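The structure under discussion appears below in the form of structure tokens.
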Amino acid sequence: MGFLIRVVVNAFAIWVVTLIPALQVTVVAFPPGETLQLVLTLLIVAAIFALVNTIIGTVIKVLAFPLYILTLGLIGLLINAFLLWLTAWLTHWWNWGLRVEDFWWGVVAAVIITLINWIFGIILRPRKD
């Protein structure tokens, strides 16, 4: 259940990022590209992003642990942007998916996605009684 909630929150965060035209991050929907196809595309891209973040992101973060200490955690911004760019690269083979035009705007987009995930993580956190 937690993975599904994470995917939905990621899909919402990616959708919010695509609403900001300056970031040059877009989602190309399945043909014919109507609302249902856009929502399904966002959910699939969010699932891919969650898997990339879970599998590859964990390995990179463990290997980059000394850099986290050295840069006081700022390397995490670049790692998150790289994971977003990697998700876009994985989906560019089809005629649908995530498109990130510029890496540095991808850094800003990754920060926004991280902030949205953090806020929803606080709101949706299970309560301890």
Side-chain angles (χ1 to χ4, degrees):
M1 188 67 175
F3 181 75
L4 291 176
I5 293 172
R6 186 172 168 188
V7 167
V8 170
V9 171
N10 270 335
F12 175 75
I14 292 170
W15 176 70
V16 168
V17 166
T18 61
L19 294 177
I20 305 170
L23 296 180
Q24 301 173 3
V25 176
T26 57
V27 172
V28 179
F30 293 116
E34 296 179 13
T35 304
L36 177 63
Q37 287 84 11
L38 178 63
V39 170
L40 290 175
T41 305
L42 280 169
L43 288 172
I44 292 172
V45 167
I48 293 170
F49 183 58
L51 288 173
V52 165
N53 220 349
T54 302
I55 297 169
I56 298 172
T58 304
V59 172
I60 291 174
K61 290 172 186 174
V62 167
L63 293 176
F65 182 71
L67 289 175
Y68 272 93
I69 294 172
L70 189 64
T71 63
L72 301 175
L74 292 177
I75 192 72
L77 298 174
L78 292 177
I79 290 173
N80 287 341
F82 171 73
L83 295 173
L84 185 68
W85 176 82
L86 185 61
T87 302
W89 181 79
L90 287 173
T91 62
H92 95 281
W93 300 106
W94 303 288
N95 291 330
W96 56 271
L98 184 68
R99 304 291 186 264
V100 178
E101 301 299 325
D102 185 47
F103 179 78
W104 295 109
W105 284 116
V107 171
V108 176
V111 168
I112 293 170
I113 290 171
T114 303
L115 287 174
I116 292 172
N117 281 328
W118 176 69
I119 290 168
F120 274 97
I122 290 173
I123 293 170
L124 299 174
R125 180 180 305 148
R127 297 180 187 191
K128 296 180 182 177
D129 292 331

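Keep in mind that the numbers below use all heavy atoms, side chains included, and drop hydrogens, waters and symmetry copies. Just so we're clear, the structure is a prediction, and the values are computed from it rather than from any experiment.
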Taking only residues two or more places apart in sequence, or in another chain, which ones meet Trp96 in a ring-ring contact (aromatic ring centres under 6.0 Å, His included)? Phe30, Trp94

Quick check: closest heavy atoms across [X] and [Y], and the distance to 0.1 Å?
| X | Y | value |
| --- | --- | --- |
| Pro32 | Gln37 | CD-NE2, 3.6 Å |
| Arg99 | His92 | NH1-CA, 3.7 Å |
| Ala46 | Ala11 | CB-N, 3.3 Å |
| Val25 | Leu98 | CG1-CD1, 3.8 Å |
| Val100 | Gly106 | CG1-CA, 4.0 Å |

Hydrophobic clustering (ILVMFWY, side-chain heavy atoms < 4.5 Å, transitive) - are [Y] and [X] grouped together?
| X | Y | result |
| --- | --- | --- |
| Ile69 | Leu63 | no |
| Ile60 | Leu72 | no |
| Leu42 | Leu19 | yes |
| Leu40 | Val28 | no |

Show every donor-acceptor pair shorter than 3.5 Å between a side-chain atom in residues 79-86 and any protein atom, with sequence neighbours excluded, or say none if there are none.
| from | atom 1 | to | atom 2 | distance (Å) |
| --- | --- | --- | --- | --- |
| Asn80 | ND2 | Gly76 | O | 3.4 |

ring-ring contact (aromatic ring centres under 6.0 Å, His included) partners of residues 39-69, not counting sequence neighbours, each pair once: none

Filter on ring-ring contact (aromatic ring centres under 6.0 Å, His included), then keep only pairs touching residues 100-121, sequence neighbours left out; what's left? Phe12-Phe120

Non-hydrogen side-chain atoms of [X] and [Y] separated by less than 4.5 Å:
| X | Y | answer |
| --- | --- | --- |
| Val27 | Leu38 | yes |
| Ile55 | Val59 | no |
| Gln24 | Val108 | no |
| Leu23 | Glu101 | no |

Non-neighbouring partners of Asn117 that pass side-chain hydrogen bond (donor to acceptor under 3.5 Å, both in side chains), sequence neighbours left out: Asn10

For Thr71, check side-chain hydrogen bond (donor to acceptor under 3.5 Å, both in side chains) against everything at least two apart and list the hits. none

